[in-house]
Amino acid sequence: MARIVVLGAGFAGLWAAIGAARKRDEIGASDRDIEIRVIDRNPYHNIRVRNYEADLGEVALPLPRLLDPIGVSHGLGEVEAIDPVRREISLVTSSGEETLGYDRLVLALGSEVMRPDIPGLAAHAFDVDTYAAALRLEEHLVSLGRSAPSPERSTVVVVGAGFTGIEVAAEMPDRLARAGITGSRRIVLVDPNPAVGATIGAHARPVVETALASLDIETRLGVRVVSIEAAGMRLNSGEFIAAQTVIWCAGMRASPLAASFPGARDRLGRLLVDPLMRVADVGGVFAAGDVASSVIDGLHPTVMSCQFARPMGRFAGHNVVADLVGLPMLPLRIDWYVTVLDLGAWGALYTEGWDREVKTTGAAAKATKETINCKRIYPPMSGSKDELFAAAAPTVQAPPPTYGASRR
């Protein structure tokens, strides 16, 4: 029996596993012929892009509900090392250290927030990088809501004015109100760049600035964090911001396990993969999602987002089985790119193209964002094999729907 191992059950890993099971079924093989095994440190699929939201009730989907109906096995483990020569994975599980061999591998371990060596960061800062981290932040806010009012209790500092930081900051007024922290509140967005959303583009940036201003979110730009403590945060400008909540959103990097493989990686540590999702010069290894970079339209490499992770996973899953049994593989090509940025109670921002031309804003863009976050990126939860396989077909979805052209 041949074995395909998928490391990671995020957007790329989940869809790689379902896509592989779909292709296995298509060629008439069973789990007795080709085992497909998913390894993740958690027993759920995290809708990670929703971790900034106030309601975390539907962002952790149990893996058995998604994988059992299609004959994909799954196990809990922390990946310690990968040996591409021996085709072995070293794991730490509840039973101790284990070694798992593979015939084909799909690396989909994703990315993690960058945590520089700043005094107090590990001890005092929160983040929304994982479901567990998002729950920890929510529990912290609820606890603050039960404590005595103070300026520090009502102040939140978000470090990193990129996409995640902007969404976290914009959602924070509603989150504080939900936690019972009413009255005077202060939200500060900190970034070393001279402008908010340094990579978002000239067309979109004024919209973001307008939204943040309407939400009374302060900014501290062109500054760096010197230290973080329980009572607040100090900047290299000399300013100390007294706050009981500091949320770290300052950049992402690929899983360090990408370094297990020889060959080129980009500045984010991502493995360079071809249109078939194969890692160059490494036999039997495919990679998808945030741990991989692929040029998908002849010019632009993928970015770290579920917009690319999901199709990369579907194609990787299809191709890993095709490669195993000697069938033709399918190249991934995506000829569109959109950005939908949540801006809290103000609405949202919807752009099209790599220059991020603004198409809709406010309530119209918010409707698109909610369609994406609550419907489009979810796998079928019915337990139907047919529905799961239909959703995992190696195709590229059309761009998300837009709802009118209203702009604020």
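From a predicted model like this one, the values you see are computed outputs, not experimental measurements.
- Asn319 contributes a side-chain N or O that, together with a main-chain N or O of Phe315, makes up a donor-acceptor pair within less than 3.5 Å.
- Under the 4.5 Å side-chain criterion, counting only non-hydrogen atoms from C-beta, Ile118 is not in contact with Val226.
- Crowding of Asp266 atom CG: a count of heavy atoms from other residues, nucleotides or ligands under 6.0 Å exceeding 12.
- Between the side chain of Arg185 and the backbone N or O of Ile181, at least one donor-acceptor pair lies under 3.5 Å.
- A side-chain donor from one of Ser382 and Glu387 sits under 3.5 Å from a side-chain acceptor of the other.
- The CG atom of Leu388 sits 6.5 Å away from the CH2 atom of Trp15 when rounded to the nearest 0.5 Å.
- Side-chain contact between Thr245 and His140 is present, with at least one heavy-atom pair separated by less than 4.5 Å.
- Contact of the Met233 side chain with the Phe240 side chain is not registered, since no non-hydrogen atoms from C-beta on lie closer than 4.5 Å.
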Phe11 and Ile47: CA distance, side-chain angles, deciding distance, side chain to side chain contact (heavy atoms under 4.5 Å, CB included) verdict: CA-CA 8 Å; Phe11 287 111; Ile47 306 296; 4.1 Å; yes
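- Side chains of Arg37 and Val6 form no contact here, defined as non-hydrogen atoms less than 4.5 Å apart.
- Side-chain contact of Glu98 with Thr93: a donor-acceptor pair under 3.5 Å is present, judged by distance alone.
- A donor-acceptor contact shorter than 3.5 Å is absent between the side chain of Asn193 and the backbone of Ala195.
- The CG atom of Asp323 lies 12.0 Å from the NZ atom of Lys23; values are rounded to the nearest 0.5 Å.
- The closest side-chain heavy-atom distance from Ile36 to Arg24 is below 4.5 Å.
- A parallel orientation is assigned to the rings of Tyr337 and Trp354, their planes being inclined by less than 30° (bins at 30° and 60°).
- Without hydrogens or angle criteria, Thr210 side chain to Pro206 main chain gives a donor-acceptor distance under 3.5 Å.
- Atom CG of residue Leu91 and atom CD1 of residue Ile82 lie 9.0 Å apart, to the nearest 0.5 angstrom.
- The closest donor-acceptor contact from the side chain of Ser293 to the backbone of Arg270 lies at 3.5 Å or more, if one exists at all.
- Relative to the ring axis of Tyr131, Arg48 does not place its NZ or CZ within 45° and under 6.0 Å from the centre.
- Side-chain contact between Val5 and Leu7: present, with at least one pair of heavy atoms (C-beta onward) separated by less than 4.5 Å.
- Side-chain atoms of Asn46 and Asn51 form a donor-acceptor pair, as typed in the model, at a separation below 3.5 Å.
- For Arg186, the CZ atom sits in a packed shell: over 12 heavy atoms of surrounding residues, nucleotides or ligands are nearer than 6.0 Å.
- Not one N or O on the side chain of Lys359 forms a donor-acceptor pair closer than 3.5 Å with the backbone of Glu352.
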Ile247/Val157 under side chain to side chain contact (heavy atoms under 4.5 Å, CB included): CA gap, chis, key distance, verdict: CA-CA 6 Å; Ile247 308 172; Val157 181; over 6 Å; no
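- When all heavy atoms of Pro401 and Thr368 are compared, the pair lying nearest together is O-OG1, 2.8 Å.
- Judged purely by atom type and a 3.5 angstrom limit, Glu80 has no side-chain atom pairing as donor or acceptor with the backbone of Ser90.
- Using modelled atom types, one side-chain atom of Gln307 and one backbone atom of Val338 make a donor-acceptor pair closer than 3.5 Å.
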Show me the side-chain donor-acceptor pairs of residues 60-70 shorter than 3.5 Å, one per line, residues at least two apart or across chains.
{"unit_1": "Arg65", "atom_1": "NE", "unit_2": "Met381", "atom_2": "O", "d": "3.1"}
{"unit_1": "Arg65", "atom_1": "NH2", "unit_2": "Met381", "atom_2": "O", "d": "3.0"}
{"unit_1": "Asp68", "atom_1": "OD1", "unit_2": "His74", "atom_2": "NE2", "d": "2.9"}

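- In this structure, a donor-acceptor pair under 3.5 Å is absent between the side chains of Arg376 and Thr371.
- Atom CZ of Arg86 is separated from atom CD1 of Ile89 by 13.0 Å, given to the nearest 0.5 angstrom.
- When the side-chain contact (heavy atoms from CB on, under 4.5 Å) test is applied to Arg178, the partners found at least two apart in sequence or on another chain are Ala54, Asp55, Glu138.
- Residues satisfying the side-chain contact (heavy atoms from CB on, under 4.5 Å) criterion with Glu209, sequence neighbours excluded, are Arg205.
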Stepwise side chain to side chain contact (heavy atoms under 4.5 Å, CB included) check, Gln397 with Arg310: CA-CA 10 Å; Gln397 288 177 293; Arg310 293 165 63 246; 3.1 Å; yes
From CA spacing to verdict: side chain to side chain contact (heavy atoms under 4.5 Å, CB included), Phe261, Leu105: CA-CA 12 Å; Phe261 302 92; Leu105 174 69; 4.0 Å; yes
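- Annotation: side chain of Leu221 is not in contact with side chain of Pro194 (no heavy-atom distance under 4.5 Å).
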Steps toward salt bridge (charged side-chain N to carboxylate O under 4.0 Å, His left out) verdict (Arg136, Glu139): CA-CA 5 Å; Arg136 177 173 170 260; Glu139 291 166 358; over 6 Å; no
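- With a 6.0 Å radius and a threshold of 12 heavy atoms from other residues, nucleotides or ligands, Glu239 has its CD atom above the threshold.
- Side-chain N or O atoms of Ser260 include one that pairs as donor or acceptor with a backbone N or O of Leu257 at under 3.5 Å.
- Within the 3.5 Å criterion, the main-chain N or O of Gly110 finds no donor-acceptor partner in the side chain of Asp290.
- Ala204 approaches Thr351 most closely through the heavy-atom pair CB-CG2, 4.1 Å.
- Residues Ile334 and Phe308 are in side-chain contact: their nearest non-hydrogen atoms beyond the backbone lie under 4.5 Å apart.
- By the 4.0 Å N-to-carboxylate-O rule, Lys366 lies too far from Glu370 to be salt-bridged with it.
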